[in-house]
Trainee: 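I have a structure I would like to understand better, so I am pasting it below and will then ask my questions one at a time.
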Amino acid sequence: LVSVLSSAIIVYRLPWTWKCSKLLMKFIHAGLNTIAMILAIVSMVAVFEYHNARNIPNMYSLHSWIGLTAVIFYSLQLFLGFAVFLLPFAPVPLRAALMPIHVYSGLTIFATVIATALMGITEKLIFSLKTPAYSASPREASFVNCLGLLLVIFGALILWMASRPHWKRPPEENVKVL
């Protein structure tokens with residue numbers, strides 16, 4: 001999920017994509033976001049089924065609350081993105097006004113997904129490790145902690161790339177706005 005979502009975020013920021021038409025890039029961006037949304041829904045269904053099959057309560061942890069919140073906001077972001085930026089009905093001034101909000105919301109949702117993943121892997125490890133306990137720093141704990149650090153670094157790199165003005169797609173001249 002994180003890798004597909006990050007690809008959707010930076011697809012406009014990669015210099016070798018600047019030669020492609022903006023319409024194609026919009027479809028790629030929308031397609032990657034749709035794939036990420038499908039993966040998020042499948043993941044949530046799997047978690048609920050797993051919990052229900054083992055009589056584990058649902059929605060009891062901060063991880064689950066923030067995860068569900070991220071999925072809800074992501075679905076709203078995806079729907080509004082399609083309605084405003086992909087379909088040819090929204091007026092250009094509306095698109096221009098909403099673009100900074102769309103970008104900020106997307107980056108905030110991405111950061112929230114990273115935080116949710118960090119909480120989830122830590123929660124799972126704490127509940128799974130009995131002997132030795134997580135607090136004893138067994139190899140599994142070190143592995144998950146390293147994975148978490150790599151996830152933070154990866155997320156920071158994506159946010160850095162998405163926020164650099166010199167990596168922004170140059171405006172196309174004489175192009176009809178979709």
Side-chain angles (χ1 to χ4, degrees), residues 1-49 63-121 147-178:
L1 174 65
V2 172
S3 63
V4 176
L5 183 55
S6 62
S7 298
I9 289 172
I10 63 168
V11 74
Y12 285 110
R13 299 293 179 149
L14 302 173
W16 56 86
T17 67
W18 296 347
K19 297 173 187 166
C20 300
S21 75
K22 188 165 186 178
L23 180 60
L24 174 63
M25 298 318 299
K26 281 184 178 189
F27 279 117
I28 292 171
H29 178 73
L32 289 169
N33 276 303
T34 301
I35 291 168
M37 187 70 219
I38 291 167
L39 292 173
I41 292 169
V42 168
S43 299
M44 289 196 66
V45 168
V47 167
F48 278 98
E49 287 182 359
H63 163 71
S64 59
W65 286 21
I66 292 178
L68 182 60
T69 302
V71 170
I72 290 168
F73 280 114
Y74 190 50
S75 63
L76 290 171
Q77 172 85 337
L78 188 61
F79 174 76
L80 292 173
F82 271 106
V84 174
F85 300 107
L86 196 59
L87 300 178
F89 306 116
V92 174
L94 176 63
R95 292 174 188 213
L98 291 179
M99 182 55 75
I101 296 167
H102 179 73
V103 170
Y104 174 78
S105 298
L107 296 177
T108 302
I109 291 166
F110 176 71
T112 304
V113 168
I114 295 287
T116 302
L118 292 170
M119 286 185 282
I121 60 176
L147 178 65
L149 284 174
L150 289 173
L151 195 53
V152 168
I153 292 167
F154 177 74
L157 180 62
I158 296 299
L159 293 172
W160 182 83
M161 290 172 67
S163 64
R164 298 299 89 182
H166 63 277
W167 279 42
K168 188 173 180 179
R169 181 183 174 94
E172 295 183 48
E173 297 177 15
N174 302 321
V175 175
K176 179 184 171 199
V177 177
L178 177 69

Trainee: Can you give me the closest heavy-atom contact between G155 and I114, atom names plus distance?
Mentor: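 Answer, listing the atom of G155 first, then I114: CA-CD1, 4.2 Å.
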Trainee: Under a 3.5 Å distance rule, please check whether T112 uses its side chain to pair with a backbone N or O of A70 as donor and acceptor.
Mentor: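 No; zero donor-acceptor contacts below 3.5 Å.
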Trainee: Check side chain to side chain contact (heavy atoms under 4.5 Å, CB included) between P91 and all other residues, then give those that pass, not counting sequence neighbours.
Mentor: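 Checked P91 against side chain to side chain contact (heavy atoms under 4.5 Å, CB included); matches are P93, L94.
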Trainee: Who pairs with T116 by side chain to side chain donor-acceptor pair (under 3.5 Å), at least two apart in sequence or on another chain?
Mentor: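 Listed in chain order: nothing, the list is empty.
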Trainee: Enter the distance from W167:CH2 to R13:CZ here, rounded to the nearest 0.5 Å.
Mentor: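 Here the interatomic distance stands at 10.0 Å.
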Trainee: Holding to side chain to side chain contact (heavy atoms under 4.5 Å, CB included), I want the full list of residues that pass it with L147, two or more places apart in sequence or in another chain.
Mentor: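 So L147 forms a side chain to side chain contact (heavy atoms under 4.5 Å, CB included) with I121.
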Trainee: Do Y12 and K168 come within less than 4.5 Å of each other through their side chains, counting heavy atoms only?
Mentor: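 In short, these two side chains do not touch, never coming nearer than 4.5 Å.
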Trainee: Name all residues meeting the side chain to side chain contact (heavy atoms under 4.5 Å, CB included) criterion together with L107; count only those two or more places apart in sequence or in a different chain, and write none if there are none.
Mentor: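 L107: side chain to side chain contact (heavy atoms under 4.5 Å, CB included) contacts with I9, V103, L159, A162.
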Trainee: Roughly how far apart are M37 CE and I35 CD1, rounded to 0.5 Å?
Mentor: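 M37 atom CE to I35 atom CD1 measures 13.5 Å (nearest 0.5 Å).
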Trainee: Who pairs with W18 by side chain to side chain contact (heavy atoms under 4.5 Å, CB included), at least two apart in sequence or on another chain?
Mentor: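 Checked W18 against side chain to side chain contact (heavy atoms under 4.5 Å, CB included); matches are P15, R169, P170.
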Trainee: Under 3.5 Å, which donor-acceptor pairs link side chains of residues 38-45 to any protein atom two or more places apart or in another chain?
Mentor:
{"residue": "S43", "atom": "OG", "partner": "L39", "partner atom": "O", "Å": "2.7"}

Trainee: Please name all residues satisfying ring-ring contact (aromatic ring centres under 6.0 Å, His included) with F110, sequence neighbours left out, ordered by chain then number.
Mentor: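 F110 satisfies ring-ring contact (aromatic ring centres under 6.0 Å, His included) with no residue once adjacent residues are dropped.
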Trainee: Under the ring-ring contact (aromatic ring centres under 6.0 Å, His included) rule, collect the residues that match up with H63, sequence neighbours excluded.
Mentor: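 Not a single residue meets the ring-ring contact (aromatic ring centres under 6.0 Å, His included) criterion with H63.
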Trainee: Please, which pairs that meet side-chain hydrogen bond (donor to acceptor under 3.5 Å, both in side chains) have at least one residue in residues 153-164, sequence neighbours excluded?
Mentor: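 Non-adjacent pairs meeting side-chain hydrogen bond (donor to acceptor under 3.5 Å, both in side chains): zero.
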Trainee: So how far is it from S21 OG to F27 CZ, rounded to the nearest 0.5 Å?
Mentor: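 Reported to 0.5 Å precision, the distance equals 9.0 Å.
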Trainee: With heavy-atom distances below 4.5 Å as the criterion, would you say the side chains of I28 and M25 are in contact?
Mentor: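 A side-chain contact under 4.5 Å exists here.
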Trainee: Where is the tightest heavy-atom contact between A117 and L151, given as atom of each residue plus distance?
Mentor: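 Taking every non-hydrogen atom into account, CB-CD2, 3.6 Å.
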Trainee: Nearest 0.5 Å, what's the CG-OG distance between L32 and S7?
Mentor: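 Answer rounded to 0.5 Å: 6.0 Å.
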Trainee: Can you tell me how far apart CE (M119) and OG (S64) are? Round to the nearest 0.5 Å.
Mentor: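 These two atoms lie 9.0 Å from each other.
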Trainee: Name the atoms and distances for all side-chain donor-acceptor pairs under 3.5 Å in residues 72-87, with sequence neighbours left out.
Mentor:
{"residue": "Y74", "atom": "OH", "partner": "N33", "partner atom": "O", "Å": "3.1"}
{"residue": "Y74", "atom": "OH", "partner": "N33", "partner atom": "OD1", "Å": "2.6"}
{"residue": "S75", "atom": "OG", "partner": "V71", "partner atom": "O", "Å": "3.3"}
{"residue": "S75", "atom": "OG", "partner": "I72", "partner atom": "O", "Å": "2.7"}
{"residue": "Q77", "atom": "NE2", "partner": "H102", "partner atom": "O", "Å": "2.7"}
{"residue": "Q77", "atom": "NE2", "partner": "H102", "partner atom": "ND1", "Å": "3.3"}

